[in-house]
Each structure stands twice: as structure tokens, then as C-alpha cells.
Amino acid sequence: NLNRTRSGRCSGRGSSILFAAAAICMCVCVLSPLQYGTLSSGFGGYSKGSGSVGAKQHSQQRGIGSSRGVERGGLHVSAGVGAARPSWRGPFKLRNRQHIHRSCTASASGSASSSLKKDEILDSLPPNLAPIPDSVKDATVVLKDGDKEVYLIGISHVSKRSVLQTERLIQSVKPDAVMLELCLARCGQLLREEENYGTARDERAFWIEGGDIKIQGLPEGPGFPTEDEVLEWIGAKGLEDGQPLTRPNFDQFIRNLLNLGIFSSVRINAESPTPTAVPLFVSRRQIWYKILPAQTYIPWELGEDDPKELYPVYPLGSVTFNCTERAGMLATIRSVKCTGDIPAGLGNLEEKILKWFGETKSTLRTLMLARKEILELQPDSQIQFLNGDSRDVTVQIRKKQLSKSKPNTGMEETVFDTRGVGIMPIQLQGYTIPKCPGAEGESHWMNNRNVKFRKWSEAEKRKAPESLTAYLTNPVASAVGEFLITRFGRFQDKAGRKCGIKPGEAWQIAFEAAVNSGAKMVVLGDQLTLKTQAALATELFNTLAVWLTSFLLSVGLGAYVQANPSFAAEASEVLKGVGDGSLAEQPYLIPYGLALLETLAAYKVLYAPVRDMEVFARQKGSNIEEKLKVKTPLSLATEPVLLEGEDSLLSWPKAKELVLQDRNEYMADTLFRMVRGLPSRCPAYATYQNSKSKDFLQRFLVGPDFEKDSNPEGVGIGPYETPELRRVVAVVGAAHLFGIQEEFRKLQEQNKK
């Protein structure tokens, strides 16, 4: 099988033979008339056989959709979004893409073998509706709003089948937008659990909040370039919003700085991002395949229309290049010679340089004074101090209109690829990934899917919340809620893993399928989960407090009866005629028995859902899948369809109101705003494509209808304008489907056109 790897070098015995074999394989692939899907099946790496399905499903929903990071931090909601999912992802470990291949081949074979059935299905559908795969119909409900369509798919958070159904629906419908049952606090669920962005730290990608890059240590004195000029020369000024940067990009900045010839060393310092910073995502066409165990690799570039994986781009605060002035060159300038287009009025530059050197005792500062003198008289001059690091200096001047991005310190000729007198040697290793496109002005990110946004102003950036609101301030309620919700989620995870599902994979698959299918944006359309968690934890605590109070009163009464013989005697007289008279001998057993019943009732109300999920998770994966299979079309449901195991938490006090009803209203409102083109109150990832590499960049934008915490001002890149969306796919839990339908229709009645 072909696996992505970290190194692009070839080593080991027989490397020439292996590369020859690789070349032959590549030629066969290029000349083959087969399509990419068939090639994938043949290689067995990008789309493995039909044995194991690389399904991706979200098994960490916790019943209310809380992310693992939030839960680990308890229900103290001050945890930042950036820490919600502190996992990383590797770009070269090739994942199983069999689910894509199966969906493609299944649709192809289906059309060949049962065309009549397909035609009948298409004829029975309303006009303009996209064909829905047969395997997805039972789990899908279609809502119409004029000529707009909303495809609701109800999923189980622990079912591999649901993951495949979600992907097939998105691939078939090709929606303009996809709404996920996520929120700002849970966008970390889009990060994969098991992978880093590369197995080495060097291969992670980052974006700089606000694009704030600074130069520290720039020498002060006449003739030295300004900070803006240096940033322009090294390609670090004016980076596009959300521009991904990998280690090769940062190392290129270092190389460019040292090649200016005025620095002896450069170090990078990056500040931590703000707590509300969020990851972006980028696709890659250039990858590496490992074809044999002996570290033999071949480069591979995916086709423009081939399905691509999305890799996270993690946020950074401001980045500073700490530079040191170049020193260590020879301490004596013996002679100076000027050639080229010498400006009039320059005078005897040779004598001036020798004089300045006697005053500064620094070769670099002396030559910078000469640079200043020349540029003041002739601004459009290209200056080169040939042999500027030796005793005999030649000043070459050319009258030439230079681009602003063309370095012009004059010391460039004294450096050869970061090596020169007085420059500390650095080692820039080879990389298995190319530099991210767009970082050096060679290309730009195009708005080819018509999602308009504006960049935050500096004043708006300062309005970004430093942390999310602590909706739950009672530490006891927080501890109770954290214990119950976390344990429920742990067993839900266990059930999902038995079905081959890892946390967040349902959302990750839907996200990738949306981008690869041409969706304009992916909207995080759920209510802020921290509010739901806090409200649910409060209800659990209040219920526990009531039962605990009753328990203590019963135990106290029993102890009082047992400790007071006179009171016990009176109670015995009353109980003599009850039953067989045994209670009259020990009357204190009644309050103790009542306390026991209260304990069992509290367990039934509070912990029984966790216990049910635990028992459910003990079953085999095949049994779990069978029990979660939708046997009756959800479009025919007359009440919420509750799935065994994962929906048992709805028996918690007021859980149906908090977990279902409130969120159904919120998500229905989100969908209604999307299809009506109204200002959104939900954040979204919008797709932009690179003009050169054709890679995709997912920028995080917020809706123009700002809301505290759930859609705050100043977070991400900026606010977006809701584009025209004719087809929308909403991926939600099966229990939400009925309620969202009802709320959506209510909104239609209230807002008739």
C-alpha cells in the first residue's frame, strides 16, 4: 500500500532500481485510459479495496455535542476555543479513501444495472430536486422554500453507516452549502484525533492572526532600510488573510533576511494565539507516496478535480523575527572604487567611505552611510558593494527603476545562500512538503465561489473576546455535570470505536465532502454548546440537590427515632396494627427505608442514562450498527426518533427541552436564514481557491448578525455576506430531524413571501 511519509529522500540498497520501477508505474498510470477512481483502486493506497471502510464519524457528541477539549476542562466555560481540540494532523499519512471509491463505483454500477428503477425514482421526485441515493433516502428529509431546497440527514453519532450516508448525500446533491451540528466552541471537532500535521513539528501549518509580522533588532542608523522595506523584500508584508505558512515558508523568510547581508543571525518568536482563535483548513495537491519499505518515495500530484483531504492551519499570535546586526567582517577598508552610473554631486565617495570607517569602526555601517548618500542623490539606483566583506571594496551603481520587492541593501553580493563573513551558519533541511502557495506573491486566493467578506478593522479586532463566557459559575454544579456528561461521552466514544468511528469523523467527512463537491461554505449552525452544557448541568445539580435533601431528612428522622426511646415507643403504638407488627418493634426502619428508596430514585434519574450507554457500548460493533439502523423513513415520523443508547440522556431532567427543543429552534433558524439570504448569526468556513496551485483554503468567517460568544465580533478573518444558496445539506442527529422540520415550517408561516 502507498503511504504518505515525512521524507522525500531515497536511501537504501537498490534505490535506482526502485526509482526505475516507480517511473514505470507512473508511466503506466499516465498512459492508462482508466479514470482516477480506477487508478486509485489499482494502487490500493488512495482507495483501498472493499474490505475495510475508512469511515469517519463523530463519536464524541456527548449527546449534546460537546467537544472533548471543553469536557476535559470541565464545565468551567472559560476554556478557549483554540484549546478545544489540541490535536494535530499529518499531511503525508495517506488515509483510507475507500468510502469515496465505493460511493463512486456504487453509483456507476447502479446506473448500469438498474436504469429503469433510477428513471422511475427521478420521475417521482419533485422538479429541481437532486437525486438522493437509495441508501440515504430513509435517513433524509427534504424541505422546500420556493425554489430553494434543504436536505436534512439524520445521523447516529456512533454509526459508520451514518458517515457513509452523509458523504454519499453530499456527493450526490452537490449543495451550495452544508450546515453541521457544530458551533464556535466545537469547531475543534473538525480536527482529527489521531494525527498531527506531520509526524515532525516542522511540517505543521500556521496562520498569523491579523498577519502581524515584525522585525526586531533592525540596526538603527543612517542608510539602513526601514522595517516596511525589509518585510517587503523578504515577502512577509501584505500576506493574504489566513495565509497558511509551513516550516519551509518560515525558513525562506530567514533565508531572505540573511541574504540581505545586514544580519548575522535570525530567530523566530511567535506569540500564543488569543483564546478565541480558530483553525483554518487547506488542501494539498502535492503529496509523497512511499512505494516500498526501504524509504523510497515518489512525488505525486492529485488532479484538480480529484478529492482532496483538508489539513488544519493552526493560529499563531504575532510573529517576530529577532535579528542581530552583521559583524565580524574585516576591520580595515584599504581602498574603495566606484563604477557605473555615479550620480552628479556625489563627490569623492572613496574619501568619504574611508572617513566614515574611521568614525564608525564598522564596515557595515560605513557602507550603509554610502548607500544613504547615493540614494539621496539618485533614488532609482541599484547599489552593489562588491567585495564589501574585504579590504578592497568596489561600489557599483546602476541607474535602474527597481520593484519595491527587489532587495537593495547593496550587501547582497557578500552573501551566498545565507553564507558569508560574519553570518552564523544555519542548516535548512529538505522538506517533504512544498511551501504553502500564496506566501510570496506568486499566487493569490481567489473568491471563485462568490462568498464575499470584509477584513476586520483594527478597532473590530480589539472587540474579540479574550475568553468565552463562564455560563456556569457554581463549582459543585460544574463538577456534577462534568462527571455525568463526561462519563456518558466516554461510553459513547467506546461504542463509536467498536463501529470503526473516531471522535469528530462525521463532521470531518462532511466537511471534506462539501469542499470537494464545490460547496461555497460550511456553516456551524448549532447553538453554542457551552450554554446547553451549563443549563443541563444546572438541572442535574438541582435534581441531585432535591434528592440529597430528601435523603438527609429521611436519614435524620431515622436517627432521631432510634436515639429517642420515648418517641420510638409512641411510633410503635401507632404501627402495631400495620402488617405483621415487625415495624412496631423497629420504627426507625421506615425513614431509613425511605432514604434507600430516594437513593435508588436518584440513581434512576441521574445515572441510569450513563449506565444504559455503558451497557449499549459493550455490544459488538455489528450489533450496534444493526440497532441504530433506520428502519422507517424519517420523513414519515410523527415524533422525534430516539436511537437506542446515545439518546438515553434525554431522560435527564429537562433534557428534551434543553438538548432538543432549544437547539432545534436555533438550527431551524440558521437554515431559514441561509435559504432566504438573511444575515446569519453563525460562523462558517468559506472556500477560496489558489490561482496557481488550485489548492483550497477554508477561511473562518462570522455572520454579520453578531452574537456574544456564539458569533462574536473580531474572531476569524472577518464577517461574510450570505450568498445565494439554492441547495443546502444539514447534517444533524436523528433526534433533531422532526423538531427542525416543525420549526422550519413555523418560520415559513411567520415569514410568508
Side-chain angles (χ1 to χ4, degrees), residues 50-68 71 96 98-99 102 135-136 138-139 153-168 181 189 192-194 482-510 536 540 600 603-634 637 639-652 655-656 659-660 731-738:
S50 59
S52 62
V53 179
K56 304 180 179 181
Q57 167 66 10
H58 170 55
S59 63
Q60 195 159 351
Q61 187 68 9
R62 307 297 193 255
I64 60 170
S66 60
S67 67
R68 178 184 297 244
E71 289 168 356
N96 190 329
Q98 187 263 354
H99 51 280
R102 282 187 61 185
S135 61
V136 186
D138 287 349
I153 178 168
I155 67 170
S156 163
H157 301 106
V158 299
S159 170
K160 181 186 297 184
R161 181 188 296 107
S162 290
V163 174
L164 298 177
Q165 289 175 337
T166 300
E167 185 179 43
R168 288 169 185 167
E181 187 191 321
Q189 296 257 345
R192 302 184 186 274
E193 176 196 48
E194 76 283 3
E482 178 182 2
F483 172 76
L484 293 173
I485 296 173
T486 302
R487 285 200 55 88
F488 185 92
R490 186 178 303 168
F491 295 123
Q492 196 172 26
D493 269 358
K494 182 178 179 181
R497 293 180 191 278
K498 284 192 174 182
C499 297
I501 302 301
K502 295 180 181 179
E505 289 195 14
W507 317 124
Q508 296 154 14
I509 279 291
L536 184 59
L540 292 174
L600 295 176
Y603 175 85
K604 176 69 175 177
V605 172
L606 297 179
Y607 197 78
V610 179
R611 177 63 179 171
D612 292 343
M613 190 67 227
E614 181 181 6
V615 173
F616 184 74
R618 290 177 180 174
Q619 304 178 62
K620 294 182 179 180
S622 57
N623 294 340
I624 294 175
E625 287 282 4
E626 183 62 28
K627 290 185 177 182
L628 295 176
K629 183 178 180 180
V630 177
K631 298 177 176 61
T632 303
L634 296 180
E639 61 181 2
V641 177
L642 305 184
L643 302 178
E644 183 177 346
E646 64 179 86
D647 288 330
S648 60
L649 61 76
L650 293 176
S651 61
W652 275 334
K656 289 186 178 180
V659 178
L660 283 186
V731 185
V732 298
H736 291 287
L737 217 61
F738 178 78

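Predicted model only: the values in this text are computed from it and were never measured.
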Test your reading of the model: is there a side-chain donor-acceptor pair from [X] to the backbone of [Y], 3.5 Å cut-off?
X	Y	answer
K494	E614	no
Q165	S135	yes
S162	S156	yes
E181	G733	yes
Q508	Q189	yes
E644	F616	no

| query | Considering residues at least two apart in sequence or located in another chain, which fulfil the side chain to side chain donor-acceptor pair (under 3.5 Å) criterion with Q619? | reply | K627
| Under the side chain to side chain donor-acceptor pair (under 3.5 Å) test, residues paired with Y603 that sit two or more places apart | none
Do [X] and [Y] have side chains that approach each other closer than 4.5 Å (heavy atoms only, starting at C-beta)?
X	Y	result
V659	W652	no
T166	I509	no
R497	P503	yes

| task | Considering non-hydrogen atoms only, spot the tightest contact between G621 and C499 and give its length. | result | O-SG, 3.7 Å
| field | Short N-O contact, K629 and E626, less than 4.0 angstrom | value | no
| With under 30° as parallel and over 60° as perpendicular, where do the rings of W507 and H157 fit, or are they tilted in between? | tilted
| said: Measuring from atom CZ of R618 to atom CZ of F491, what distance do you get when rounded to the nearest 0.5 angstrom? | reply: 7.5 Å
